[in-house]
Amino acid sequence: ARAPDWYVMGTGDQVRVTIFGVSQADLFLEVSDEGFVQPTGMPRIFLKGLTIRQAKKLLRERLSEFYTFTQDEISLTVAVARTITVGMLGEVRRNGSFTVSALNTALNVLSVAGGPTEIGSVRSIQRIRGKERLEIDLYSFLLDPSLQTDYDLRHNDVLFLPVAEKVVTLEGAVKRPFRYELKGDEGILDLLQFAGGIRYDTAPNYIQITRIEQGEPRLYEYDLQQILMEEQN
């Protein structure tokens, strides 16, 4: 796969820099343990920790001292991406360590590990990086796929899936009847949004909630119009 612009460079990445201006060159460079590349006859250029976009800008500046080309006459691609080891813990079908290409995001590695268990949370996944923790909410990603750029992985990261706290089964005249995980004070309106909304061929009059209270099932019925108009919570 082609490395996206947000990909963060690291030791072991092999990059190809092509210049096709007045000067022409095709350079294959590997990021060293110390974090730099060193084209023949040139000083070191430190790329470790830079995104591809940042690395391309820096290389353009440095190489322009040795080659003649315009701003658009240079390209940078990752020829070979480094491998990283990521730990998977908690309510995931296969716990353990996984060695993958650094091009993978947390979502890819979760898939490799078989996904969450029946009771695993997909909305409070923890990406642990040293003392830093990032919470990953897959529902946010489904609503805005560009968020996967926030879910990059680095060597020795750990993904932890806790137990889901609140799971609701939604049935009836919605576009995607399914089991949904709710967080915090999310309620009916959020649930309907996750389910793609009410079907167009339906008169949204009532909604029923079945809940186990003190070991007994109880049925509650609400006026859905009042909920949709936010007159009732």
Side-chain angles (χ1 to χ4, degrees), residues 1-18 26-39 44-60 62-63 74-117 120-164:
R2 182 178 180 274
D5 285 346
W6 50 263
Y7 177 75
V8 177
M9 308 286 292
T11 296
D13 282 332
Q14 298 176 34
V15 298
R16 179 179 185 179
V17 182
T18 305
D26 202 9
L27 311 175
F28 286 87
L29 308 168
E30 182 169 348
V31 181
S32 69
D33 290 343
E34 292 77 23
F36 63 83
V37 297
Q38 190 166 18
R44 298 172 174 179
I45 305 173
F46 285 86
L47 298 184
K48 184 175 181 178
L50 301 182
T51 63
I52 286 183
R53 183 182 284 115
Q54 293 168 331
K56 183 176 180 180
K57 182 175 183 292
L58 179 60
L59 285 167
R60 186 188 296 129
R62 295 292 187 86
L63 293 175
I74 182 173
S75 70
L76 167 67
T77 57
V78 175
V80 179
R82 68 193 185 278
T83 58
I84 59 175
T85 299
V86 178
M88 296 293 304
L89 299 174
E91 293 299 329
V92 63
R93 296 192 184 277
R94 295 210 309 272
N95 277 253
S97 295
F98 295 84
T99 299
V100 296
S101 164
L103 291 175
N104 288 290
T105 66
L107 307 186
N108 303 128
V109 179
L110 177 59
S111 177
V112 169
T117 65
S121 172
V122 295
R123 304 202 57 198
S124 299
I125 301 170
Q126 302 289 315
R127 187 195 68 188
I128 304 169
R129 180 176 294 163
K131 294 183 179 180
E132 171 194 333
R133 286 179 180 249
L134 171 73
E135 185 173 274
I136 297 174
D137 181 350
L138 290 195
Y139 284 14
S140 296
F141 163 72
L142 292 174
L143 295 172
D144 182 4
S146 69
L147 288 177
Q148 72 171 323
T149 61
D150 298 335
Y151 305 158
D152 69 294
L153 290 173
R154 299 182 191 174
H155 187 57
N156 288 333
D157 279 355
V158 173
L159 294 178
F160 172 70
L161 272 69
V163 174

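Note that the structure is predicted; figures quoted are calculated from it, not measured.
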> Going by distance alone, is a donor N or O of one side chain under 3.5 Å from an acceptor N or O of the other, for S101 and N104?
Replying inline: no
> Would a 4.5 Å heavy-atom cut-off, applied to side chains only, mark V158 and Q126 as touching?
Replying inline: no
> How far apart are the C-alpha atoms of E132 and R127, what are their side-chain angles, what is the distance that settles it, and do they pass the side chain to side chain contact (heavy atoms under 4.5 Å, CB included) test?
Replying inline: CA-CA 8 Å; E132 171 194 333; R127 187 195 68 188; 3.2 Å; yes
> Looking at D5 and T51, what are the two nearest heavy atoms and their distance?
Replying inline: O-CB, 3.4 Å
> Does a side-chain heavy-atom distance below 4.5 Å link I74 with L63?
Replying inline: yes
>> Let me confirm one number: the NZ-CG distance from K56 to L76, rounded to the nearest 0.5 Å.
In response: 7.5 Å
> Of the non-hydrogen atoms in V122 and P116, which two are nearest, and what is the gap between them?
Replying inline: CG1-CG, 3.5 Å
>> For a quick test of reading the model, state the closest non-hydrogen atom pair linking A3 to I52 and the distance between them.
In response: CB-CD1, 3.3 Å
> Counting distance only, does the side-chain N/O of H155 pair as donor-acceptor with the main-chain N or O of T85 below 3.5 Å?
Replying inline: yes
> For the atom pair CG (L159) and CG (L89), what is the distance rounded to the nearest 0.5 Å?
Replying inline: 9.0 Å
> Of all residues at least two apart in sequence or in a different chain, which pass the ring pair (Phe, Tyr, Trp, His ring centres under 6.0 Å) check with F46?
Replying inline: F36
> Just wondering, are more than 12 heavy atoms of other shown residues or ligands nearer than 6.0 Å to CZ in R53?
Replying inline: no
>> Give me the atom names and distance for the closest heavy-atom approach of V78 to M9.
In response: CG2-SD, 4.4 Å
>> To the nearest 0.5 Å, what is the distance between CG on L47 and CZ on R62?
In response: 9.0 Å
> Okay, side chain of R16, backbone of V80: is any donor-acceptor separation there less than 3.5 Å?
Replying inline: no
>> Working note: I84 + L153, criterion side chain to side chain contact (heavy atoms under 4.5 Å, CB included); need CA distance, chi angles, decisive distance, verdict.
In response: CA-CA 8 Å; I84 59 175; L153 290 173; 3.8 Å; yes
> At their closest point, which heavy atom of Y7 faces which heavy atom of A81, and how far apart are they?
Replying inline: OH-CB, 3.9 Å
>> Y139: which residues meet the ring pair (Phe, Tyr, Trp, His ring centres under 6.0 Å) condition with it, sequence neighbours left out?
In response: F194
>> How long is the straight-line distance from CG of N156 back to CD1 of I128, given to the nearest 0.5 Å?
In response: 12.5 Å
>> Testing the basics here: between F160 and G90, what is the closest heavy-atom pair and its distance to 0.1 Å?
In response: CE1-CA, 3.7 Å
>> Quick check: do T18 and S75 have side-chain heavy atoms less than 4.5 Å from each other?
In response: yes
> Rounded to the nearest 0.5 Å, how far apart are CG of L138 and OG of S124?
Replying inline: 10.0 Å
> Below 4.5 Å, heavy atoms only, C-beta onward: do R82 and T11 meet side chain to side chain?
Replying inline: no
> Tell me, do V37 and S32 make a side-chain contact under 4.5 Å, heavy atoms counted?
Replying inline: no
>> side chain to side chain contact (heavy atoms under 4.5 Å, CB included), that's the test. Do Q54 and L58 meet it? Break it down for me.
In response: CA-CA 6 Å; Q54 293 168 331; L58 179 60; over 6 Å; no
>> I want to check something: taking the side chain as every heavy atom from C-beta on, are Q14 and F28 in contact at a cut-off of under 4.5 Å?
In response: no
> Tell me, do T77 and V15 make a side-chain contact under 4.5 Å, heavy atoms counted?
Replying inline: no
> Is the shortest distance from a Lys or Arg side-chain nitrogen in E34 or K48 to a carboxylate oxygen in the other one below 4.0 Å?
Replying inline: no
>> The test is side chain to side chain donor-acceptor pair (under 3.5 Å); show your working for S111 and N108 and say whether it passes.
In response: CA-CA 5 Å; S111 177; N108 303 128; over 6 Å; no
> If we only count heavy atoms from C-beta on, is the I125 to L110 side-chain gap below 4.5 Å?
Replying inline: yes
> How far does CD1 of I45 sit from CG of L29, to the nearest 0.5 angstrom?
Replying inline: 7.5 Å
>> I'd like to know if R129 pairs up with D152 as an ion pair, taking the criterion as any Lys NZ or Arg NE/NH1/NH2 lying under 4.0 Å from an Asp or Glu carboxylate oxygen.
In response: yes
